[in-house]
Amino acid sequence: MILSVHIPKCGGTSFRHVLREIYGAGLWLNYGAIFSQPQARHHAVPPATRCIHGHFLADAFDDLVPQPELVTWLRHPVERVVSNYFHFRRSPDLRDDCCRQLLERNLPLEAFAELDWMRNEATRYMAGKPAAAFRFIGIMERFDESLRIFGATFGVAVPNRPPRENLNPDRTADAYRLPRSTYDHILALNLTDLAAYELAAAALDAPQPAQANVG
């Protein structure tokens, strides 16, 4: 079974549409049912599930799914934090503690980045598992390329023109334009995430198997 860990603001919404095309009714979207191991229950997973995708820690299903195929996507940590900040500004989710603090305290970007859950959020979702424990790690900034590698890795057809969803409509460049001091401050809070991101990006440059695509 594929367990696709959707780290917030790392391309998981777009990837969800690809997984729906591939697995159809065998895809279970797990947003809220099971986040961590203590919440894991066999009856919560629908029968005939082939792929689970959603916001959950990478070890959440360790007791339920033997030898899972772990999948996730990473993004440069500064871009991820800034994207999360503007996403909450644009589409508030009051169930999220960081979003509530942002709105209630009217936090500027740097203060939002200092919230505990915003620091190294990607590796927090990876739950202490090394990169080698994941069958596939995509890079959001190299989405199309990563998706082709996903298709080749799992022997499935992926779209030549994949969807891009949940993007910031106000962003005018490939990367957010920040004062250098702000960029450096956010980066210093996410050095563990940076190391994971750079390792995954380097892995994309390794020789890859043949690719399976569909128009």
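Just so we're clear, the structure is a prediction, and the values are computed from it rather than from any experiment.
Looking at Phe150 and Val71, their side chains come closer than 4.5 Å, going by heavy atoms from C-beta outward. Side-chain atoms of Thr49 and Tyr23, non-hydrogen and from C-beta on, never get closer than 4.5 Å to each other. In this structure, the side chains of Leu109 and Leu178 come closer than 4.5 Å at one or more pairs of heavy atoms. No side-chain heavy atom of Lys9 sits under 4.5 Å from any side-chain heavy atom of Phe88. Within the 4.5 Å cutoff, no side-chain heavy atoms of Met126 are placed close to those of Thr192. Val18 places a side-chain heavy atom less than 4.5 Å from the side chain of Pro159. Contact annotation: the side chain of Ile34 never approaches that of Phe56 to less than 4.5 Å [non-hydrogen atoms, C-beta and beyond]. Residues Ser36 and Gln39 meet the side-chain proximity criterion, which asks for heavy atoms closer than 4.5 Å.
Taking the six-membered ring for Trp and thresholds of 30 and 60 degrees, Phe143 and Trp73 have nearly parallel ring planes, at less than 30 degrees apart. Using the six-membered ring where Trp is involved, His6 and His53 have ring planes that are parallel, under 30° apart on the 30 and 60° scheme.
Closest approach of Pro92 and Leu103 over heavy atoms only: CB-CD1, 3.6 Å. Here the closest non-hydrogen pair linking Asn190 and Asn120 is OD1-N, 2.6 Å. The nearest pair of heavy atoms linking Leu3 to Pro68 is CD1-CB, 3.5 Å. Annotation for Asp193 and Pro77: closest pair CB-CB, 3.9 Å, computed over non-hydrogen atoms. The minimum heavy-atom distance between Val158 and Gly151, with the atom names listed, is CG1-CA, 3.7 Å. The two residues His76 and Leu187 have their closest heavy-atom pair at CE1-CD1, 3.8 Å.
Under the 3.5 Å distance criterion, the side-chain polar atoms of Glu79 are matched with a main-chain donor or acceptor of Tyr176. A donor-acceptor pair under 3.5 Å is absent between the side-chain atoms of Glu121 and the main chain of Met118, judged by distance alone. Formation of a donor-acceptor pair under 3.5 Å by the Gln101 side chain with backbone atoms of Leu115 is not found in this model. Using modelled atom types, one side-chain atom of Arg135 and one backbone atom of Thr153 make a donor-acceptor pair closer than 3.5 Å. A side-chain donor-acceptor contact under 3.5 Å links Asp96 to the backbone of Cys99. A donor-acceptor contact shorter than 3.5 Å links the side chain of Arg119 to the backbone of Glu114. No donor-acceptor pair closer than 3.5 Å links the side chain of Asn30 to the backbone N or O of Gly54.
Linking ILVMFWY side-chain heavy atoms closer than 4.5 Å, directly or via other members, places Trp28 and Tyr125 in a single hydrophobic cluster. The hydrophobic clustering, which links ILVMFWY residues whose side-chain heavy atoms are closer than 4.5 Å, places Leu189 and Leu102 apart. In this structure, Leu199 is not a member of the same hydrophobic cluster as Ile149, with clusters built from ILVMFWY side-chain heavy atoms closer than 4.5 Å. Residues Leu194 and Val78 share a hydrophobic cluster, clusters being chains of Ile/Leu/Val/Met/Phe/Trp/Tyr side chains in contact below 4.5 Å.
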Handout entry: Check against side-chain contact (heavy atoms from CB on, under 4.5 Å), Phe112 and Asn84
Key = CA-CA 10 Å; Phe112 175 77; Asn84 214 153; 4.3 Å; yes
Practice task
Go through Ile139 and Glu145 one step at a time and tell me if the side-chain contact (heavy atoms from CB on, under 4.5 Å) criterion holds.
Solution key: CA-CA 9 Å; Ile139 294 295; Glu145 175 190 357; over 6 Å; no
Handout entry: Trace of the side-chain contact (heavy atoms from CB on, under 4.5 Å) decision for Phe154 with Ile22
Key = CA-CA 11 Å; Phe154 287 94; Ile22 296 170; over 6 Å; no
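Expressed to the nearest 0.5 Å, how far OG1 of Thr182 lies from CZ of Arg177 amounts to 15.5 Å. Rounding to the nearest 0.5 Å places OG of Ser4 at 11.0 Å from CZ of Arg16. Distance CZ/Arg148 to CZ/Arg142: 10.0 Å, rounded to 0.5 Å. Here CE of Met1 is found 11.5 Å from CD of Glu69. Values are rounded to the nearest 0.5 Å. Taken to the nearest 0.5 Å, the CZ atom of Phe61 stands 11.0 Å off from the NE2 atom of His42. Atom CZ of residue Arg105 and atom CZ of residue Arg100 lie 12.5 Å apart, to the nearest 0.5 angstrom.
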